[in-house]
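See structure below.
What you are looking at is a predicted structure, and each value in this text was computed from that prediction instead of being measured. In what follows, residues are counted from 1 in the order of the sequence shown.
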Amino acid sequence: MEQTVKVHVKNNGQTIEVPLGSTLEEVYNLTGLEMKYGPISAHVNNKVEGMHFRVYKKKEVEFLDITSSSGSRAYTRTLFFVLCKAAHDLFTPCKVAIDIPVSNGYYVDLSIGRPVTLDDAGAIRRRMQEIIAAALPVHRHETTTEEAIQLFDSLHNRSKVKLLQYTGRLFTTYYDIDGYVDYYYGSLLTNTSQLYLFGLEKYYDGLLLRLPSREHPDELGEMTHQDKMFSIFKEHHQWQDILGLRTVGDLNEVIDKGYSSQLIQISEALQEKKIARIADEIVRRKGIKLVLIAGPSSSGKTTTCKRLSIQLAVNGVKPVGVSLDDYFLDRDKTPRDEKGDYDFEHLHALNLPLLNEQLTALFRGEEVELPRYDFPTGTSQKSGKKLRLGENEILVVEGIHALNPELTSQIPEEQMFRIYASALTTILLDNHNYIPTTDNRLLRRIIRDHKYRAVSAQETIRRWPSVRAGENKWIFPFQENADAMFNTAMLFELAVIKSQAEPLLEQVPENCPEHAEAYRLLKFLHYIKPIPDTQIPPTSLIREFLGGSSFKY
């Protein structure tokens with residue numbers, strides 16, 4: 001008699017019996033579900049698993065499609081896999097690095113011994129299409145980590161060897177497509193034919209891999225020009241090349257050899273030098289009266305503002321800070337979102353006419369009384385604080401809308417300098433596994449919310465999709481308006497964040513939906529060796545989140 005196991009399927013609320021050891025793909029086929037863009041992966045007891053996963057005990061399963069963050073990641077990883085196989089099928093020698101998230105896709109650094117051409121891009125695209133059309137199975141293998149290291153060493157893949165050497169795990173999972181072997185730290189699709197849409201084209205000196213939009217899965221994400229963003233990533237890669245540190249394996253090696261202190265000192269110096277250059281440029285542009293600093297959540301805008309103010313003072317300019325929070329409208333005049341809730345991230349939650357009126361008056365040399373927003377009552381009040389700009393003073397304003405042209409529509413362009421600050425993670429797990437910049441910011445926010453706002457990691461994770469939606473609407477469309485971009489992420493940062501983030505993530509209960517994201521972040525942090533935060537100087541930007549800063553917030 002065949003042994004069976006019960007599986008509760010959250011998608012339709014039914015419990016079914018399936019043969020013991022069934023894969024999630026086989027379970028799905030027994031459910032009667034029809035998912036247009038899936039299934040790609042699944043939540044199994046609130047942990048993300050690939051469709052290769054086998055069921056041996058009673059489980060609760062929720063199948064995911066490409067519109068979910070987990071499903072989108074699985075689709076993207078599999079596309080990376082097919083791209084790498086296609087490139088290695090066509091070129092010898094060949095080295096592929098999945099590098100920079102840009103223009104709603106990923107920049108691919110392709111080394112083939114000569115400059116990459118349009119014909120090369122076309123050849124790889126056609127080979128990818130052949131691999132997808134062949135409906136090749138994506139095989140999952142589990143072996144000892146020692147054997148996996150030997151395998152990738154024989155393939156001369158040093159970035160994977162370095163990564164696996166420091167995991168401390170007894171077993172490792174790797175994949176192959178038609179004999180081409182690779183390693184990914186998350187789940188993949190089970191067959192290449194599931195990759196129904198992608199784009200690949202020449203981009204600068206490499207390639208741009210384009211993906212389906214999560215909101216409109218039948219379409220590729222809109223290609224936007226992000227030349228300034230791309231240049232910032234490239235600048236940081238130049239710094240990393242000088243240090244010989246491009247991957248987490250490199251970082252772990254530096255920590256293991258006792259060189260973390262030097263890495264911290266160099267990283268802090270590079271960041272301070274960048275801030276100083278921005279301050280120099282502001283002063284060099286005669287007539288600048290207003291400095292605007294914008295960036296997404298947990299990007300370090302506040303510390304960037306404070307450190308920039310110091311560098312402006314060094315240049316003989318006195319910075320005067322003004323908070324956009326004090327320009328909120330009375331609550332009953334605040335716009336509402338589609339759910340009927342107050343939308344405090346909406347641009348028109350601010351009193352734009354008053355802001356522009358007061359800025360214009362200040363630049364004419366007049367005195368104004370700044371408003372004060374009383375959050376408990378939700379009303380704008382007079383603060384009694386008078387302000388008149390002196391001859392050598394510059395207003396510094398920080399906030400999520402600071403780069404939106406509508407915010408300062410009445411201020412002459414020549415009087416403004418705009419800065420975009422964000423934590424742009426430039427280190428890779430290995431050459432084929434990038435680290436999402438949003439993960440860095442989410443970890444920062446989890447630590448900060450717990451430390452200063454008494455908010456749990458579970459609640460921070462629950463709110464994060466809403467925060468990201470607001471960023472996509474109100475921040476990212478305007479980032480290329482910046483006169484300068486500043487990367488607040490540190491090369492050593494994840495190694496320091498690890499020690500404070502892990503205990504908070506471990507507290508997220510297994511029986512809540514947020515556990516899946518907490519588990520994924522813990523799994524990711526497991527690759528990284530820790531650095532004690534005692535080595536971090538009090539002026540470091542990440543002290544804004546870790547605590548112990550010499551700045552007052």
Please table the atom pairs, donor to acceptor, closer than 3.5 Å between any side-chain atom in residues 415-423 and protein atoms at least two apart or in another chain.
residue : atom : partner : partner atom : Å
Arg418  : NH1  : Glu413  : OE1          : 3.0
Arg418  : NH2  : Glu413  : OE2          : 3.2
Tyr420  : OH   : Gln479  : OE1          : 3.1

Evaluate whether atom [atom1] of [X] has more than 12 neighbouring non-hydrogen atoms of other residues, nucleotides or ligands under 6.0 angstrom away.
X	atom1	answer
Lys228	NZ	yes
Lys289	NZ	no
Tyr259	OH	no
His515	NE2	yes
His526	NE2	yes

Inset, instruction - Using the six-membered ring wherever Trp is involved, compare the ring planes of Tyr203 and Phe230 and label them parallel, tilted or perpendicular (cut-offs 30° and 60°). - result: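 Tyr203 and Phe230: perpendicular rings.
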
Identify whether the distance between the nearest side-chain nitrogen and carboxylate oxygen of [X] and [Y] falls below 4.0 Å.
X	Y	answer
Arg210	Glu201	yes
Asp250	Arg246	no
Lys273	Asp280	no
Glu414	Arg285	no
Lys234	Asp205	yes
Lys162	Glu253	yes

Inset, instruction - Would you please indicate if the ring centroids of Phe375 and Tyr373 are separated by under 6.0 Å? - result: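 Between Tyr373 and Phe375, which both carry aromatic rings, the centre distance is below 6.0 Å.
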
Min side-chain heavy-atom separation [X]-[Y] under 4.5 Å:
X	Y	answer
Ile310	Thr539	no
Ser69	Arg214	yes
Leu442	Leu521	yes
Thr67	Pro217	yes
Ile528	Asn252	yes
Ile98	Tyr107	no
Ile293	Val396	yes

Flag, side chain of [X] to backbone of [Y], donor-acceptor distance under 3.5 Å:
X	Y	answer
Arg444	Ser298	yes
Gln226	Ser103	yes
His450	Ala457	no
Asp533	Val496	no
Asp330	Lys333	no
Asn440	Thr425	no
Asn315	Leu312	no
Asn433	Leu429	no
Thr167	Leu163	no

Please give me the minimum heavy-atom distance between [X] and [Y], naming the atom from each residue.
X	Y	answer
Lys529	Ala495	O-CB, 3.2 Å
Glu480	Met485	OE2-CE, 3.7 Å
Asp99	Leu428	O-CD2, 3.9 Å
Leu407	Leu292	CD2-CD2, 4.4 Å
Gln262	Gly258	OE1-O, 3.9 Å
Leu541	Gly300	CD1-O, 3.8 Å

Inset, instruction - Mind checking the OH-OG spacing from Tyr75 to Ser68? Nearest 0.5 Å is all I need. - result: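 Tyr75 atom OH to Ser68 atom OG measures 13.5 Å (nearest 0.5 Å).
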
Any luck finding a side-chain donor-acceptor pair between [X] and [Y] under 3.5 Å?
X	Y	answer
Ser540	Glu268	yes
Asp343	His348	no
Gln311	Glu272	yes
Ser267	Gln271	no
Thr426	Gln240	yes
Arg441	Thr488	no
Tyr342	Arg336	yes

Listed by chain and number, what are the side chain to side chain donor-acceptor pair (under 3.5 Å) partners of [X], not counting sequence neighbours?
X	value
Thr334	none
Tyr106	Tyr434
Ser309	none

Legend entry - Option among Arg73, Arg462, Lys523 that satisfies the salt bridge (charged side-chain N to carboxylate O under 4.0 Å, His left out) test with Glu517: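 Single salt bridge (charged side-chain N to carboxylate O under 4.0 Å, His left out) partner of Glu517 among Arg73, Arg462, Lys523: Arg73.
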
Inset, instruction - For Tyr185 and Arg520, run side-chain contact (heavy atoms from CB on, under 4.5 Å): C-alpha distance rounded to whole Å, both residues' side-chain angles, the deciding distance at 0.1 Å, then the answer. - result: CA-CA 10 Å; Tyr185 90 99; Arg520 182 185 71 84; 3.5 Å; yes

Legend entry - Intermediate values then yes/no, side-chain hydrogen bond (donor to acceptor under 3.5 Å, both in side chains), Ser260 and Gln535: CA-CA 9 Å; Ser260 57; Gln535 297 187 37; 3.2 Å; yes

Inset, instruction - Determine, for Tyr527 and Lys498, whether the Lys NZ or Arg CZ falls below 6.0 Å from the six-membered ring centre while staying within 45 degrees of the axis. - result: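 Geometry flag: not set, cation outside 6.0 Å or 45°.
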
Which pairs would a plain distance check flag for residues 378-387, meaning a side-chain donor or acceptor within less than 3.5 Å of a matching protein atom at least two apart in sequence or in another chain?
residue : atom : partner : partner atom : Å
Thr379  : OG1  : Thr377  : OG1          : 2.8
Thr379  : OG1  : Gln381  : NE2          : 3.2
Gln381  : OE1  : Arg372  : NH2          : 2.5
Ser383  : OG   : Leu370  : O            : 2.5
Ser383  : OG   : Lys385  : N            : 3.0

Legend entry - ring-ring contact (aromatic ring centres under 6.0 Å, His included) involving Phe363 - partner list, sequence neighbours excluded: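 With neighbours one apart ignored, the set is empty.
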
Legend entry - Full working for side-chain hydrogen bond (donor to acceptor under 3.5 Å, both in side chains) between Glu235 and Ser231: CA-CA 6 Å; Glu235 177 185 69; Ser231 68; over 6 Å; no

